[in-house]
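Both backbone and side-chain heavy atoms feed into the values below; hydrogens, waters and symmetry mates do not. Residue numbering restarts at 1 for every chain, and letters A, B, ... go by the order of the sequence lines.
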Number of protein chains: 2
Amino acid sequence: MEGEKIKIHLADDHQVLIDGLLAVLRLEQKFEVVGFSLNGNALLERIQENKADVLIMDINMPERDGIEVLREFNEKGYPCKVIILSSYEDVKLIKEVLKLGAHGFLAKNCAGENIAEAIETVYKGEKYFSDSIRDKILGAFSGVKTEVAESTDKYFLGAIDSITDRELEILKLIAQECSGQEIGDRLGISKNTVESHRKNLIKKLKVKNSIGLVKLAMRYNLVN
Amino acid sequence: MEGEKIKIHLADDHQVLIDGLLAVLRLEQKFEVVGFSLNGNALLERIQENKADVLIMDINMPERDGIEVLREFNEKGYPCKVIILSSYEDVKLIKEVLKLGAHGFLAKNCAGENIAEAIETVYKGEKYFSDSIRDKILGAFSGVKTEVAESTDKYFLGAIDSITDRELEILKLIAQECSGQEIGDRLGISKNTVESHRKNLIKKLKVKNSIGLVKLAMRYNLVN
DNA sequence: TACAACATCACCATTTGTGGTGATATCTAA
DNA sequence: TTAGATATCACCACAAATGGTGATGTTGTA
C-alpha cells in the first residue's frame with residue numbers, strides 16, 4: 001500500500017493562518033487536511049470524528065487553549081500526534097507542552113517548509129523542533145543561555161525561566177488584579193510572604209513594579 | 001497591455017504567515033509578490049527598491065511597528081497602497097491607521113480569499129475592510145455598539161473607544177511603569193490630576209486597578 | 001447660550017506596594 | 001555534610017495607589 005496519506009487537523013484562531021497552512025500543505029501529495037478548528041472547544045468536538053494522524057495547534061486559542069486540549073488528549077488517550085505552533089518560545093512553555101505529550105514545537109517565525117518536515121517526523125513517532133526552539137532547549141539543558149541577544153525579549157528568557165512554581169502562582173494572581181492581602185488569603189499564607197515573592201520577582205525580572213511583571217507575564221503567556 | 005501584474009510586498013514577523021500568504025497569492029496569476037520583510041526596519045529598507053503596488057503589513061512587528069512605518073510612508077510619500085493585517089479589531093486602531101493613509105484593514109481571522117479581493121480593491125484606490133471590521137466601523141459611526149457579545153473582549157470595545165486622548169497618554173505612561181508623580185512631571189501637570197485620570201480609566205474600563213488597565217491596553221495594542 | 005465633556009487641581013482617609021534587613025525551616029545537589 | 005535554593009514570616013519606613021468629594025476653566029456643539 002504505502003499510498004496512505006497523512007491525515008492532518010489544523011487548529012488556530014486566525015483564519016488566514018489556517019488558509020495559509022492549507023495552501024502550503026496542498027502542495028504536497030502525501031498530506032491530507034481532514035479538518036480545522038478555530039478554537040479549542042470546536043477542536044475537541046471534531047477531532048474524534050475525522051481521525052487525524054497529526055494535529056497542528058496554536059497554544060493561544062479562545063474557549064480552550066492548547067494546554068487544556070493537550071490535557072484532554074491525555075485523559076481520553078487519543079493516538080493523534082500533536083505539533084504546537086506558537087508565537088512564544090519560552091522554555092517553560094516548551095517543557096510544559098512536551099510533558100503533556102506534544103511531539104513537536106514550531107515557532108511561528110519558522111519557514112513553511114519546516115511544517116512538512118515536522119509532520120513527517122512526528123508521524124513516525126519522533127520529536128521535531130524548529131531551529132530556534134532547538135537552540136533554546138539545548139541552551140536550557142546545558143545551563144548556558146542562548147547568546148542571541150538580538151532583541152530585549154531574548155534577554156529576559158533566562159530570567160523568565162528562573163521563576164519558581166510558587167512565584168508563578170503568585171504572579172498569576174497579581175495579573176488577576178489581586179492585592180497582596182487577597183493573594184495571601186487565597187493561598188493560605190501571610191501577606192508578608194506574598195510581598196517577599198513579589199519583590200523577588202521584581203528584582204529577578206528587572207522591572208520597576210508589578211505592572212512590569214504583568215507585562216512580561218503577558219508577553220510570555222505565563223498568564224491567561 | 002493590461003497584462004501587468006500587481007506587485008505585492010508582505011510584512012509580518014511570523015514567517016509561516018508569510019509563507020501562507022505566498023502560497024495563497026501564487027494561486028492567482030494577476031499577483032506577483034516582489035518581496036517580504038520580517039520587521040519594520042527591513043521593510044523600510046526594501047520597499048524603495050522593489051516598487052511594490054500594494055503592501056500587506058501586520059501592525060505588530062519588531063524594530064518598528066506598522067504605525068511607525070505608515071508615518072514614514074507619509075513623510076517620504078511612497079505611492080504604495082497599504083493593507084493592514086491585524087489580530088486586533090479596535091476601532092481606535094482602525095481610525096488611527098486610516099488617518100495615517102492605510103487603504104485597507106483585514107482582521108487576521110478573515111478568510112484567505114478576502115486577501116485577493118482586498119488587494120484588487122485597494123489597487124484601484126478604493127478602501128477595503130473585512131466583514132468584522134466593516135461592522136465595527138459602522139457601529140462606531142452610528143454610535144451604536146456592535147451587539148456581537150460572543151466574547152468578553154467585544155464587551156469592552158465600546159469602553160475602550162471612549163478613552164480620551166489625554167487618558168490614553170497617561171495610560172501609556174502607566175504601562176511604562178511610571179508612578180503618578182513621574183507622569184505628572186513628564187506631562188507638566190499635578191500628580192493629583194494624573195490620579196484623577198487614572199481613577200476615571202479604572203472606572204470606565206471596569207477594572208480593579210492599574211494592572212487591569214495595562215492588561216487591557218496590551219490586549220488592544222494601545223501601548224507598545 | 002447653555003449643557004456636556006474634558007482637563008485641571010485639591011484634600012482627605014485608607015489600603016497597597018516598594019525597599020530593606022533578617023530570620024527560620026526544608027530540601028536538594030555537590 | 002554543607003552550601004544553595006526555596007518558601008515562609010516579621011518589622012520598619014516611606015512612597016504610591018485607591019476612593020471619595022468638590023471645584024474651576026475651557027471647548028465644542030446642540
Side-chain angles (χ1 to χ4, degrees), chain A residues 91-92 95 140-145 158-217 222-223, chain B residues 91-92 95 140-143 145 158-217 222:
Chain A
V91 182
K92 266 228 153 77
K95 272 187 198 159
F141 228 126
S142 56
V144 185
K145 308 300 171 203
I160 291 266
D161 205 39
S162 76
I163 298 175
T164 68
D165 292 341
R166 195 49 152 178
E167 284 169 347
L168 183 58
E169 202 169 358
I170 282 158
L171 177 48
K172 282 182 179 173
L173 290 169
I174 291 174
Q176 275 163 45
E177 298 161 63
C178 297
S179 72
Q181 183 64 65
E182 285 171 336
I183 297 172
D185 293 345
R186 283 216 215 178
L187 299 181
I189 58 178
S190 156
K191 166 204 136 142
N192 297 309
T193 306
V194 175
E195 297 305 341
S196 287
H197 287 304
R198 191 202 300 264
K199 288 175 225 171
N200 284 334
L201 281 166
I202 289 175
K203 218 181 255 172
K204 78 162 73 169
L205 297 181
K206 299 191 217 298
V207 295
K208 283 172 70 179
N209 53 33
S210 295
I211 288 175
L213 290 180
V214 172
K215 284 203 296 174
L216 266 189
L222 303 179
V223 299
Chain B
V91 181
K92 265 227 152 78
K95 271 187 201 161
F141 228 127
S142 57
K145 309 299 171 204
I160 290 265
D161 206 37
S162 76
I163 299 175
T164 68
D165 291 341
R166 194 53 152 176
E167 283 169 348
L168 182 58
E169 202 169 359
I170 282 158
L171 177 48
K172 283 182 179 174
L173 290 168
I174 291 174
Q176 274 163 45
E177 298 161 62
C178 297
S179 72
Q181 184 65 65
E182 285 171 335
I183 296 172
D185 292 344
R186 282 216 214 178
L187 299 181
I189 58 178
S190 155
K191 167 202 136 143
N192 297 309
T193 306
V194 175
E195 296 307 340
S196 286
H197 286 305
R198 189 201 300 264
K199 287 175 225 171
N200 283 333
L201 282 166
I202 289 176
K203 216 180 253 172
K204 79 162 71 168
L205 297 180
K206 299 192 218 300
V207 295
K208 283 171 70 180
N209 54 33
S210 295
I211 287 175
L213 290 180
V214 172
K215 283 203 297 173
L216 268 189
L222 304 180

Rounded distance (Å) that lies between atom [atom2] of [N] and atom [atom1] of [X]:
X: B:Leu173; N: D:dA17; atom1: CG; atom2: P; value: 12 Å
X: A:Glu195; N: D:dC14; atom1: CD; atom2: C1'; value: 14 Å
X: B:Ile211; N: C:dG17; atom1: CD1; atom2: P; value: 7 Å
X: B:Leu201; N: D:dA17; atom1: CG; atom2: P; value: 14 Å
X: A:Lys191; N: D:dT8; atom1: NZ; atom2: P; value: 17 Å
X: B:Glu167; N: C:dT8; atom1: CD; atom2: P; value: 10 Å
X: A:Glu177; N: C:dG17; atom1: CD; atom2: P; value: 12 Å
X: B:His197; N: D:dT18; atom1: NE2; atom2: P; value: 15 Å

Practice prompt. In sequence, state the C-alpha distance, the side-chain angles, and the governing distance for A:Arg198 and A:Glu167, and then conclude on salt bridge (charged side-chain N to carboxylate O under 4.0 Å, His left out).
Written response: CA-CA 8 Å; A:Arg198 191 202 300 264; A:Glu167 284 169 347; over 6 Å; no
For the side chain of [X], starting at C-beta, report the closest nucleotide among [options].
X: A:Asn209; options: D:dT8, D:dT18, C:dT18; value: C:dT18
X: B:Thr164; options: C:dC6, C:dT18, D:dC9; value: C:dC6
X: B:Ile189; options: C:dT18, D:dT18, C:dT8; value: C:dT8
X: A:Ile202; options: C:dA10, C:dT18, D:dT8; value: C:dT18

Phosphate OP1/OP2 of [N] contacted by [X] side-chain N/O (<4.0 Å):
X: A:Thr193; N: D:dC9; value: yes
X: B:Arg166; N: C:dA5; value: no
X: B:Asn192; N: C:dA10; value: yes
X: B:Ser179; N: D:dA15; value: no

Worksheet entry | B:Glu169 with B:Lys172: basic N within carboxylate O range, under 4.0 Å | no
Practice prompt. In plain terms, say whether A:Glu182 and A:Lys191 are close enough for a salt bridge, that is, a side-chain N and a carboxylate O under 4.0 Å apart.
Written response: no
Worksheet item: Is there a donor on the side chain of A:Lys199 or the base of C:dG17 sitting less than 3.5 Å from an acceptor on the other?
Response: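 No, the side chain and the base share no sub-3.5 Å donor-acceptor pair.
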Discussion item. Using side-chain heavy atoms (C-beta onward) and a distance below 4.5 Å, is A:Gln176 in contact with B:Lys208?
Written reply: no
Discussion item. Could you check whether any side-chain heavy atom of A:Ile189 comes within less than 4.5 Å of a side-chain heavy atom of A:Ile183, counting everything from C-beta outward?
Written reply: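 No, too far: nothing below the 4.5 Å cut-off.
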Discussion item. Here's a test of your reading of the structure: between A:Ser196 and B:Ile170, which maps to the more 5' nucleotide of DNA chain C?
Written reply: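 It is B:Ile170, whose closest nucleotide lies nearer the 5' terminus.
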